[in-house]
Amino acid sequence: MSELSQDQYWMQRAIRLAKRGQYSTKPNPNVGCVIVQQQQLLGEGYHPRAGQPHAEVFALAQAGDAARGATAYVTLEPCAHYGRTPPCAEALVKAGVARVVIASLDPNPLVAGQGAEILRAAGIVVSIGVCEQQAKQLNPGFLKAMATQKPYVRLKMASSLDGRTAMASGESKWITGAQARLDVQHWRALSAAIITGVDTILADDCQLNVRQLADDDVTNVVQPQRIILDRRGRLNLTAQILQQPDTVMVMGPYRDDLAALGVQQLPILALPDLLSYLLEHHQIYDVLVEAGATLATAFLQHALVDELISYIAPTFLGQSARAMFAADFTTMAQQYRFKLLDVQQLGDDLRLRLIPSQESV
């Protein structure tokens with residue numbers, strides 16, 4: 001096996017380890033680390049939760065003195081600063097590893113190449129870019145936030161074959177089947193916040209929390225903040241979502257009754273400013289939008305959507321049912337085009353993951 005093939009093999013293992021923390025590390029990134037000597041695994045670890053040791057610390061503890069002269073594989077550049085934990089770059093130096101293979105550099109200004117420089121200054125051989133794109137997919141929100149000061153926004157929609165999301169009355173339970181609805185729980189668990197409009201809460205009395213996962217225990221999940229846009233103050237105090245008020249934020253006019261429940265109240269802001277506010281004040285890097293056509297369309301029209309997750313059920317709801325998109329276009333040049341990332345069958349439904357296309361029509 002060539003050195004590149006070996007590097008890819010061990011980095012893939014580190015990526016799988018990192019995914020164990022995908023629901024629990026926010027606002028920190030998911031990171032995995034593997035320590036190897038002569039193709040023998042000596043230690044491995046992943047970052048489980050903010051405030052707890054980083055992946056490198058767990059892997060080094062497992063490897064012990066055998067780490068001296070070994071190769072460490074890390075999915076994200078080792079940190080170079082003191083936060084809740086000491087710098088991992090210095091821990092690798094102290095352990096005496098001979099080589100560090102990094103999948104992706106960290107755009108965090110507190111790191112941004114400094115971790116790699118600490119390693120090189122200590123005489124450690126550093127390789128960068130092995131399985132880089134796969135590693136970046138572990139942390140789209142963190143990477144975008146560090147690089148642009150904007151969160152990564154996923155827009156989730158569920159529709160019929162004729163592009164309808166609810167009956168004219170607002171009734172929408174259920175268009176998709178159980179497997180598709182379980183899949184939505186995964187995207188919620190990945191998110192630091194879920195944004196919806198008050199009309200969705202009034203129509204469905206939904207909780208928008210994580211209640212079940214196909215591949216993990218819900219107790220491991222850092223529950224997302226539920227953010228309700230309610231510019232006219234119509235939220236009903238009996239709404240189920242208010243049963244856990246500590247994870248609810250409401251953007252709208254200030255209300256004493258919500259304050260008494262402990263609900264955080266946000267200033268009324270335009271959508272781009274709201275996203276910036278959430279990142280700056282609440283370290284929200286990954287946002288999932290689950291809303292009706294009006295709010296979903298507004299996110300698209302402001303070019304705020306990084307990824308569209310579209311569930312399509314094999315059913316027709318008819319022309320009087322509510323459309324999934326509220327803009328009124330008159331020419332083909334106005335259309336929004338997307339590129340398909342992947343498609344998956346979930347029971348009888350399809351899930352499409354798409355990103356906005358930069359190509360002109």
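Any value given below was found using the heavy atoms of this structure, including those in side chains, with hydrogens, waters and symmetry copies removed.
Separation of atoms NZ (K150) and CG (L304) is listed at 8.0 Å; rounding is to 0.5 Å. Summarising the geometry, atom CG belonging to L269 is positioned 8.5 Å from atom CG belonging to L278; distances are rounded to the nearest 0.5 Å. Taking CG from L42 and CD from Q62, the interatomic distance works out to 9.0 Å, rounded to the nearest 0.5 Å. For the atom pair CD (Q12) and OG1 (T75), the distance works out to 11.5 Å, reported to the nearest 0.5 Å. Of the inter-residue distances, the one linking I312 atom CD1 with Q345 atom CD reads 12.0 Å to the nearest 0.5 angstrom. The line from CG of L300 to CG of L308 is 7.0 Å long, rounded to the nearest 0.5 Å.
In this structure, D306 contributes its side chain and V153 its backbone to a donor-acceptor pair below 3.5 Å. Side-chain atoms of R226 come within 3.5 Å of backbone N or O of Q207 as a donor-acceptor pair. Side-chain N or O atoms of E307 include none that pairs as donor or acceptor with a backbone N or O of I355 at under 3.5 Å. Q179 places a side-chain N or O within 3.5 Å of a backbone atom of G347 that can act as its donor or acceptor partner. Between the side chain of T200 and the backbone N or O of T196, no donor-acceptor pair lies under 3.5 Å. Put simply, the side chain of R99 never gets that close to the backbone of Y73: no donor and acceptor are under 3.5 Å apart. Under the 3.5 Å distance criterion, the side-chain polar atoms of D204 are left unmatched by any main-chain donor or acceptor of C206. At least one donor-acceptor pair under 3.5 Å links the side chain of T247 to the backbone N or O of Q244. The closest donor-acceptor contact from the side chain of D230 to the backbone of G233 lies under 3.5 Å. Between the side chain of E77 and the main chain of D106, a donor-acceptor pair closer than 3.5 Å is present.
With contacts defined as side-chain heavy-atom distances shorter than 4.5 Å, the pair L350/Y311 does not qualify. Contact check for R188 versus L208: side-chain heavy atoms found under the 4.5 Å cut-off. Taking 4.5 Å as the limit, some side-chain heavy atom of L92 sits within range of a side-chain heavy atom of P78. Using a 4.5 Å heavy-atom cutoff, the side chains of I284 and L279 are not in contact. Between F338 and S357 there is no side-chain heavy-atom pair separated by less than 4.5 Å. The shortest side-chain heavy-atom distance between Y336 and Q301 falls under the 4.5 Å cut-off. Side chains of V218 and Q223 form a contact here, defined as non-hydrogen atoms less than 4.5 Å apart. You'll find the side chain of L354 stays beyond 4.5 Å of the side chain of I309, heavy atoms only.
The residues E132 and K136 are annotated as salt-bridged, a charged nitrogen and a carboxylate oxygen being separated by less than 4.0 angstrom. For D286 and K26, the salt-bridge test fails: no basic side-chain N is under 4.0 Å from an acidic carboxylate O.
Residue-environment remark: CG (D348) stays at or below the threshold of 12 foreign heavy atoms within 6.0 Å. The environment of CG in D257 is crowded: more than 12 heavy-atom neighbours from other residues, nucleotides or ligands sit within 6.0 Å. Heavy atoms of other residues, nucleotides or ligands lying less than 6.0 angstrom from CG of D342 number more than 12.
Side-chain N/O atoms of R322 and T165 include no donor and acceptor closer than 3.5 Å. Between the side chains of R337 and Q335, at least one donor N or O sits under 3.5 Å from an acceptor N or O. Looking at E280 and Q149, their side chains never bring a donor and an acceptor atom within 3.5 Å of each other.
A continuous path of hydrophobic side-chain contacts links L105 to I118 [ILVMFWY only; heavy atoms under 4.5 Å]. I241 and L229 fall into different hydrophobic clusters, where Ile, Leu, Val, Met, Phe, Trp and Tyr residues are linked whenever their side-chain heavy atoms come under 4.5 Å apart, directly or through other members. Under a hydrophobic clustering in which Ile, Leu, Val, Met, Phe, Trp and Tyr are joined whenever their side-chain heavy atoms come within less than 4.5 Å, directly or via other members, I195 and V250 fall into different clusters. Residues Y23 and L17 do not share a hydrophobic cluster, defined by chaining ILVMFWY side chains whose heavy atoms lie under 4.5 Å apart. One hydrophobic cluster holds both L275 and I227 under the rule that ILVMFWY side chains link at heavy-atom gaps under 4.5 Å.
Between H281 and Y277, the ring-plane angle classifies as tilted under the 30° and 60° cut-offs.
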Given the rule in the side-chain hydrogen bond (donor to acceptor under 3.5 Å, both in side chains) test, do Q6 and Q39 qualify, once you have shown the distances and angles that lead to the verdict?
CA-CA 8 Å; Q6 292 171 5; Q39 294 308 300; 3.0 Å; yes
Run S24 and R49 through side-chain hydrogen bond (donor to acceptor under 3.5 Å, both in side chains) and show every step you take.
CA-CA 5 Å; S24 59; R49 190 173 290 266; 4.9 Å; no
Show, in sequence, the C-alpha distance, side-chain angles and deciding distance for H47 and N28, and conclude whether the side-chain hydrogen bond (donor to acceptor under 3.5 Å, both in side chains) test is met.
CA-CA 9 Å; H47 181 47; N28 287 1; 3.1 Å; yes
Hey, mind stepping through V263 and L242 against side-chain contact (heavy atoms from CB on, under 4.5 Å) and telling me if it holds?
CA-CA 8 Å; V263 173; L242 294 178; 3.8 Å; yes
For a side-chain contact (heavy atoms from CB on, under 4.5 Å) check, start with the C-alpha distance between L41 and W10, then their side-chain angles and the critical distance, and finish with the verdict.
CA-CA 9 Å; L41 177 66; W10 292 111; 4.1 Å; yes
Going through the distances and angles, do I35 and Q40 end up as a side-chain contact (heavy atoms from CB on, under 4.5 Å)?
CA-CA 9 Å; I35 297 176; Q40 296 297 311; over 6 Å; no
Set out, in order, the CA-CA distance, both residues' side-chain angles and the distance that settles side-chain contact (heavy atoms from CB on, under 4.5 Å) for D199 and L295, then state yes or no.
CA-CA 10 Å; D199 286 332; L295 185 54; over 6 Å; no
Go through the steps for T176 and D349 under the test side-chain hydrogen bond (donor to acceptor under 3.5 Å, both in side chains), then give the verdict.
CA-CA 7 Å; T176 54; D349 305 316; 4.7 Å; no
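Nearest heavy-atom pair, A116 versus V126, reported as atom, atom and distance to 0.1 Å: O-CG2, 4.0 Å. When all heavy atoms of F329 and Q334 are compared, the closest pair comes out as CE1-O, 3.1 Å. Across every non-hydrogen atom of A59 and G45, the tightest pair is CB-N, 3.9 Å. When every heavy atom of A18 is checked against every heavy atom of L138, the shortest pair comes out as CB-CD1, 3.7 Å. Residues I268 and M251 approach most closely at CA-CG, 3.8 Å, considering heavy atoms. Closest approach of I228 and L235 over heavy atoms only: CD1-CD2, 3.9 Å.
No cation-pi contact links R154 to W187, judged by a cut-off of 6.0 Å to the six-membered ring centre and 45° from its axis.
Aromatic pair H54/Y46: centroids not less than 6.0 angstrom apart.
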